Amino acid sequence: MIVSAYAAPSATEPLAPTTVERRDPGPHDVQIHIEYAGICHSDIHTARSEWGPARYPLVPGHEIAGVVTAVGADVTKFEVGDRVGVGCFVDSCRECAACRAGEEQYCERGMIGTYNAVGRDGEPTQGGYSTHIVVDEKYVCRIPEGIDLAEAAPLLCAGITLYSPLKHWNAGPGKRVAIIGLGGLGHMGVKIAHALGAEVTVLSQSLKKMEDGLRLGADHYYATSDPDTFKTLRGKFDLIVNTVSANLDMHQYFSLLAIDGTLVEVGLPEHPVPVNVFDLCRNRRSFAGSMIGGIAQTQEMLDFCAEHGLGAEIEVIAADRINEAYERVIASDVRYRFVIDTATLPAVAQ
Ligand SMILES: [Zn+2]
Ligand SMILES: [Zn+2]
């Protein structure tokens, strides 16, 4: 099926309308009518080949929410009309220890990305800035009733990127959790950590978004540009999740961890991060990283968000504003996620 999409023709040109071909659903595939696709900062890095040379034309988008329009003969999880989501990957080897443990994002042979990868059929994968996608049912999640599809889309990357480490490092009642940065990732971290019952602090460069942070569920809000913040909060946190991709002075942030505290990186800084091991030995601190989550945990996250009435804070845009939205994401001028309404993609001449 030929479907409408927005693609980057090269690393240096703006995204433009185009068409892509989606395979006919195989026995285990579901065909999804995409209604909304979130814009993740990774889309921009990839579209501009900032993380290595990308395959062009490239249709980004790995925060996909839509409705099933067709299912293959052997599909058991989904029916036509189901509300579903697709996140950062659409396949993996299914055999390695990570895949068998439901941690497909750490597949030993490498997960197959939703875009900028090659699928099992040998064709390049193309992402969610498009009206339809065809995905193996194993890599599709159900979006429960009770979450708006547009607000659900960013959960498929931003939501699970925060949910997974918060669960892994036991954020919950009695735990003091700090989220560095209140952006697309950070705002989901605040909502989820709060819903898990943790005491939540936002560490942001300034107090500009303080009102938002408190409304989203933070108990405290501090500006990291104020040197007093690091004195006041010394040794306070059991868990710090860093969503900021800029290089930070880690010594300052490690000093905020309590004994056995962990600082987890989910943003990806451009340059290597220098660490003074002394900071870790003191207080038996850990420095860790985490990347999205497996399919089972992504489903668990969607169910959790539905149960707690959590969606992303979004600004819905028409497809012809994608390039403008990219500039605003880079300038951190979005509260807190752009979501493309795919009904605004140009119709395909049949
Ligand atoms: Zn993403
Ligand atoms: Zn695997």
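Both counts, for ligands and for their atoms, begin at 1 and track the order of listing. Since we're looking at a predicted model, the values are computed, not measured.
The existence of a salt bridge linking Lys231 and Asp228 is confirmed by a sub-4.0 Å separation between a basic side-chain nitrogen and an acidic carboxylate oxygen. Between Glu63 and Arg337, at least one side-chain nitrogen of the basic residue sits less than 4.0 Å from a carboxylate oxygen of the acidic one, meeting the salt-bridge criterion.
Other residues, nucleotides and ligands contribute at most 12 non-hydrogen atoms within 6.0 Å of the NE2 atom of His251.
In this structure, the side chain of Arg176 does not engage the main chain of Thr201 through any donor-acceptor pair within 3.5 Å. Side-chain atoms of Arg120 come within 3.5 Å of backbone N or O of Ser92 as a donor-acceptor pair.
Neighbouring protein atoms of the Zn ion (ligand 1) (N, O or S, distance under 2.8 Å, waters ignored): Cys40 SG, His62 NE2, Cys157 SG. Listed by chain and residue number, the protein N/O/S atoms under 2.8 Å of the Zn ion (ligand 2) are Cys93 SG, Cys96 SG, Cys99 SG, Cys107 SG, with waters left out.
Centroid-to-centroid, the aromatic rings of Tyr129 and Tyr115 stay 6.0 Å apart or farther.
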Phe230/Tyr253 under ring pair (Phe, Tyr, Trp, His ring centres under 6.0 Å): CA gap, chis, key distance, verdict: CA-CA 8 Å; Phe230 291 92; Tyr253 288 90; 5.2 Å; yes
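Residues in residues 72-83 take part in these side-chain hydrogen bond (donor to acceptor under 3.5 Å, both in side chains) pairs, two or more places apart or across chains: Asp82-Arg142. Among residues at least two apart or in separate chains, side-chain hydrogen bond (donor to acceptor under 3.5 Å, both in side chains) pairs with a member in residues 191-200 are Lys191-Glu313, Glu199-His220.
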